[in-house]
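Model, not experiment: these values are computed from the prediction. Just so we're on the same page: letters track the sequence lines, and every chain starts at 1.
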Amino acid sequence: MIQVLGLTRRYGPRVAVEDLRFEVRPGEVLGLLGPNGAGKTTTVRLLAGLLAPSAGDALVAGHSVARAPEKVRPRVGVVPENPGFYKRLTVRRNLRFFAELYGVRDPRRVEEALARVGLEERAEEPVATLSKGLRQRLALARALVHDPPVLLLDEPTSGLDPEAAKEVRDLLAELSLAHRAILLCTHNLAEAERLCHRIAVLKTRLVAVGSPAELKQRLFGRRVVVTLANPRPGLDRALDLPFVRSAALDGNRLFVALEAPERHNPILVRRLVELGAEILFVAEEERTLEEVYLELVEGGDAA
Amino acid sequence: MRLRALILKEWAELFRIKMVLYGCLFLPLFMAGMAGFLVWQGRNLPPEAQAPLFNAALLYFLILPVMIPVTLAVYSVVGEKEQGTLEPLLATPLSDLELFLGKSLVAVIPALLLTWAVFGLFLLAVSFLLPGGIPEGVLGLPWLLSLFGLSPLMALFAALVAMLISSRASDSRAAYQFAGLAVVPALVPILIYSVRLTAVDLRFVILEGGALLALNAALLYLGIRAFRREDILIRWK
Ligand SMILES: Nc1ncnc2c1ncn2[C@@H]1O[C@H](COP(=O)(O)OP(=O)(O)OP(=O)(O)O)[C@@H](O)[C@H]1O
Ligand SMILES: [Mg+2]
């Protein structure tokens with residue numbers, strides 16, 4: 001649905017994004033993570049047919065953003081970084097205007113979109129009277145009003161209260177079930193982990209793409225934490241098993257990186273006991289997406 | 001149709017701004033009042049002597065079609081910039097041409113309607129109030145052609161200039177200043193009148209009309225080439 005083929009964009013001499021390659025399949029939510037200035041908004045604008053790539057291309061809903069952006073635009077719904085509405089006009093008038101530009105004639109579709117984001121009651125108020133979160137919801141209604149197969153969302157839950165953010169997330173989960181391809185830029189890692197099937201970490205270049213579990217494993221391998229009753233200094237160095245990639249003692253906890261904990265844990269435990277260790281717990285280490293993200297972004301400089 | 005949707009949205013928005021609304025009503029009424037006052041002063045002169053006054057008065061109605069579009073066009077571009085609505089607008093299937101043309105028509109149509117309306121008002125008032133009515137020969141072909149032929153061309157010229165300038169300018173005050181350039185075509189007949197004190201003649205109307213036609217075509221071409229969503233998005237901050 002979205003295929004990104006070496007997409008590059010420069011602003012004058014500054015490279016905003018370089019040689020991006022990834023895809024978003026129908027029914028998939030891909031999270032785009034990256035620090036400020038990483039190029040997330042630029043990527044959204046490129047994929048929306050708003051900016052021309054400096055090099056490379058992307059196919060969005062089957063059309064090239066470089067050669068036929070006018071065919072891409074009707075087929076995507078965008079929630080831009082700043083919602084952007086005519087503040088003197090009412091909520092309904094704003095949505096009706098954008099719906100007309102997308103070729104939606106039926107006024108019922110406008111009402112449906114309003115209901116979907118819970119704005120029916122505010123429909124006759126000028127947008128100027130809406131709070132930031134309500135405008136964000138209206139932006140989502142605008143992105144949905146023409147029922148596009150591709151959604152590009154630039155931080156759609158920023159500024160929303162927890163309850164409203166949850167509603168938006170539930171809505172997004174529902175939308176992806178309807179075989180839409182969704183690209184979601186966010187700084188909220190918990191949100192990304194809950195909502196996204198895969199995650200792309202961006203820092204001008206693509207640092208990594210994969211499901212949260214894959215990324216965790218690729219980055220940290222799998223580690224087992226052994227909690228000891230009698231931590232003895234040097235125990236980590238004494239572990240002389242061929243499948244142990246590394247071992248580190250921290251207080252009473254021994255961290256051991258293993259190729260396949262399912263197979264190697266029993267042998268590890270036996271050897272530890274031989275070495276005189278008294279074992280309290282053995283568990284697989286839980287990494288958070290935040291750790292993965294920070295590792296990728298901070299290590300990204302070297303790459 | 002997208003063009004229609006854009007134009008109706010603009011009007012709904014523009015005329016909700018009190019400054020714009022009152023400005024658009026005040027200026028034409030003021031000009032018509034000035035024109036009326038001018039011919040009223042010569043009410044006791046013989047008809048031959050009234051004709052030059054009428055010619056001077058009619059010039060007021062050539063200023064309106066350039067003044068009104070400038071205000072409206074600049075406002076409509078500045079409004080998009082200030083509200084951050086350009087990005088969602090450009091993300092829709094609206095084409096560059098539709099955006100450029102739509103925003104120009106938004107300014108041209110009310111300008112013409114208002115000009116013609118107050119011109120009608122002026123004629124009505126004058127033919128009732130002046131003892132001799134309107135002197136013969138004043139409302140001839142040259143004047144009618146100016147009002148109904150030149151005015152639309154002037155209004156379009158003004159709107160295009162204002163659009164081009166305000167889409168390029170980085171801040172709105174600069175846009176207003178430069179957009180003053182758009183008034184030049186209306187000054188030409190005034191200049192000619194003040195030198196020769198004669199009526200706007202047919203030859204002049206055709207010449208200026210031709211020149212404006214060529215200029216508008218050039219501006220439209222330039223505008224559509226220069227008016228790329230890419231630049232607008234990056235520049236219209
Ligand atoms: N119009 C512009 N002109 C020049 N440089 C720009 C422009 N827009 C973005 N950039 C630069 O391109 C780079 C990527 O910016 P972008 O807005 O895409 O980042 P982002 O990932 O969306 O950041 P944030 O998390 O702060 O929203 C930055 O270095 C930015 O300064
Ligand atoms: Mg951004």
Tell me, yes or no, whether the heavy-atom count around B:Met67 atom CE, taken from other residues, nucleotides or ligands under 6.0 Å, exceeds 12. no

Contact class of B:Leu3 relative to chain A, heavy atoms under 4.5 angstrom: neither

Only heavy atoms, only distances under 4.5 angstrom. Which residues in residues 11-22 of chain B are near chain A? B:Ala12, B:Glu13, B:Arg16, B:Ile17

Residue-level interface, residues 105-125 of chain B with chain A, non-hydrogen cut-off under 4.5 Å: none

Show me the pairs that pass ring-ring contact (aromatic ring centres under 6.0 Å, His included) and involve residues 96-138 of chain A, at least two apart or across chains. A:Tyr86-A:Phe97, A:Tyr102-A:His146

With sequence neighbours left out, write down each residue that passes salt bridge (Lys or Arg N to Asp or Glu O under 4.0 Å) with A:Arg14, or none if nothing qualifies. none

Within the structure provided, determine whether A:Arg142 and B:Pro88 are in side-chain contact (heavy-atom separation under 4.5 Å). yes

Given B:Gly79, B:Ala5, B:Pro93, B:Gly84, the one with more heavy-atom pairs under 4.5 angstrom with chain A than any other is B:Pro93

In this structure, CG of A:Leu89 is separated from CD of B:Glu10 (nearest 0.5 Å) by 9.5 Å

Under a 4.0 Å threshold between the charged nitrogen and the carboxylate oxygen, would A:Glu100 count as salt-bridged to B:Arg4? no

Quick one: what part of A:Pro83 sits under 4.5 Å from any heavy atom of chain B, side chain, backbone, both or neither? backbone

Approximate separation, where rounding is to 0.5 Å, of B:Leu94 CG and A:Glu70 CD: 13.0 Å

So do the side chains of A:Arg93 and B:Lys9 get within less than 4.5 Å of each other, counting heavy atoms only? yes

Looking at A:Arg105 and B:Met1, what are the two nearest heavy atoms and their distance? NH2-N, 4.3 Å

Using non-hydrogen atoms and a 4.5 Å limit, figure out which bit of A:Arg96 sits close to chain B: side chain, backbone, both or neither. neither

Does atom CZ (B:Phe30) have a neighbourhood of more than 12 heavy atoms from anything else shown, all under 6.0 Å? no

Do B:Glu87 and A:Leu50 have side chains that approach each other closer than 4.5 Å (heavy atoms only, starting at C-beta)? yes

Greatest number of non-hydrogen atom pairs under 4.5 angstrom with chain B, of A:Ala139, A:Pro74, A:Gly103, A:Gly77, falls to A:Pro74

